[in-house]
Amino acid sequence: MKPIWLGTSWKMNKPLSEARAWCETLAQRLPDVIHPAIQPFVIPPFTAIQLVSRYMQQHQLPCLTGAQNMHEAENGAWTGEISAAMLAETGATLVELGHSERRGAFNETDAAINKKVHSALRHGLRPLVCIGDSADEKRWQVSRETVVRQMKIALHGLSEQQVLQTLVAYEPVWAIGEHGIPATPEQAGEIHHALRQALCETFGVETGQRIPLLYGGSVNRLNAVELLHQDDIDGLFIGRAAWDANGYCDIVQRVTQEFILQAQ
Ligand SMILES: O=C(CO)COP(=O)(O)O
């Protein structure tokens, strides 16, 4: 069975006290609700990465830790930025790149994301590349070509071995956040299928099949299982519904019950 990736980014939320409280609830609940086929991950703000990754290690929780961004340079005069090597020292093993909030608010381009992907891999970090269509692109019916293009540029120049270290999250801009409308499982499934085809064409069928494709955008405890029933959805990238650790554990529990217990 392929792993099911279930993770959350806290975005710019949670001072250290709240980060610690989230971890404490996770430690109480996660072991009872998780199956080894589920790969949990959490992406705190930079300031809490070390605390969270140490907590997971000390409590032997199988939850990976990541960062929300990084700079592609090795070091230098880049005031306010953090390099891949610095992130690796914090205990992060994942790095989220190209979230639509970074593309929109910080003008991140596909080409810049590609440089970050290469730098992350050089330092042993697994990139979680986010791609997504805007509401206008959806209305113009160019969603597929938009996200395939974004993905191909982000992954350009990777070897087969490197691309197998990469995760891709389809996060429609129109689905994210308070005013977002979640994609239906069919809508998300259709885009994921197009992404899978593009991965197979670019990197070979066997490799393309093995790259985890996650969906994100208003995922909650009610739609999580249905989304995961789509063939090409290998995981979920959750925002608000997982900021409360109990909300996150509820989703993990539902997925465990649906997919794992039913298979026994
Ligand atoms: O942006 C997201 C995850 O990266 C999704 O956020 P929401 O689940 O709050 O819509």
Side-chain angles (χ1 to χ4, degrees), residues 4-14 18-19 22 38-46 48-49 52 63-70 87 92-106 108 110 113 116-117 120 125-135 137-138 143 146-147 150-151 154 166-185 187-188 191-192 195 212-228 230 233-252 254-255:
I4 299 173
W5 291 79
L6 294 180
T8 178
S9 160
W10 293 345
K11 308 195 179 184
M12 198 175 75
N13 291 296
K14 297 195 192 296
E18 288 177 25
W22 193 95
I38 296 177
Q39 177 56 68
F41 65 93
V42 56
I43 306 195
F46 288 130
I49 298 173
V52 172
C63 186
L64 303 177
T65 312
Q68 297 175 19
N69 182 36
M70 53 167 261
L87 285 183
T93 52
L94 300 173
V95 60
E96 178 185 354
L97 298 173
H99 189 278
S100 66
E101 288 151 17
R102 295 215 53 88
R103 291 175 189 260
F106 301 96
E108 272 192 20
D110 292 317
I113 293 160
K116 294 184 183 196
V117 167
L125 295 169
R126 290 190 75 162
L128 168 54
V129 175
C130 299
I131 52 178
D133 50 328
S134 67
E137 285 158 342
K138 178 169 178 269
S143 298
T146 300
V147 294
Q150 290 173 346
M151 181 177 74
T166 304
L167 303 118
V168 176
Y170 169 53
E171 300 210 313
V173 181
W174 45 269
I176 293 175
E178 233 176 281
H179 304 291
I181 300 160
T184 63
Q187 282 172 328
I191 296 289
H192 277 240
L195 292 170
L213 283 178
L214 283 58
Y215 168 79
S218 295
V219 171
N220 57 49
R221 55 203 285 279
L222 300 177
N223 62 11
V225 163
E226 254 193 287
L227 284 159
L228 287 170
Q230 296 291 317
I233 301 187
D234 305 313
L236 301 172
F237 193 19
I238 312 159
R240 290 155 299 147
W243 292 347
D244 170 353
N246 278 306
Y248 176 67
C249 289
D250 287 346
I251 294 175
V252 174
R254 284 198 171 208
V255 173

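Whatever order the structure lists ligands and atoms in, that order sets their numbers, starting from 1. Everything numeric in this text was worked out from a predicted model, so none of it was measured.
- Regarding atom 3 (C) of ligand 1, its nearest protein heavy-atom neighbour is Glu171 OE2, 3.1 Å.
- Atoms OH and CG, on Tyr215 and Leu227 in that order, are 6.5 Å from each other to the nearest 0.5 Å.
- Between Gly239 and ligand 1, an N or O atom pair is found at a separation short of 3.5 Å.
- In this structure, Ser9 and Trp243 approach most closely via the heavy-atom pair O-NE1, 2.8 Å.
- Looking from atom 9 (O) of ligand 1 to the surrounding protein, the closest heavy atom is Arg240 NE, 2.6 Å.
- When all heavy atoms are compared, the tightest approach of Asn69 to Lys116 is OD1-NZ, 2.9 Å.
- Taking only nitrogen or oxygen atoms, main chain and side chain alike, Gly217 does not reach within less than 3.5 Å of ligand 1.
- If you check the side chains of Glu171 and His99, you find a donor sitting under 3.5 Å from an acceptor.
- Distances below 4.0 Å separate heavy atoms of Gly177 from the following atoms of ligand 1: 7 (P), 10 (O).
- Remark: distances from the non-hydrogen atoms of Ala241 to ligand 1 are all 4.0 Å or more.
- In this structure, Lys11 has a heavy atom closer than 4.0 Å to ligand 1.
- Within the structure, the closest approach of Gly216 to ligand 1 does not fall below 4.0 Å when heavy atoms are considered.
- Residue Ser218 approaches ligand 1 through these ligand atoms, each under 4.0 Å from one of its heavy atoms: 7 (P), 8 (O), 10 (O).
- Taken to the nearest 0.5 Å, the CZ atom of Arg221 stands 8.5 Å off from the CD1 atom of Ile251.
- With respect to Glu108 and Arg102, a salt bridge is recorded, a charged nitrogen being found less than 4.0 Å from a carboxylate O.
- Phe41 and Phe237 have tilted rings, their planes meeting at an angle from 30° to 60° on a 0 to 90° scale.
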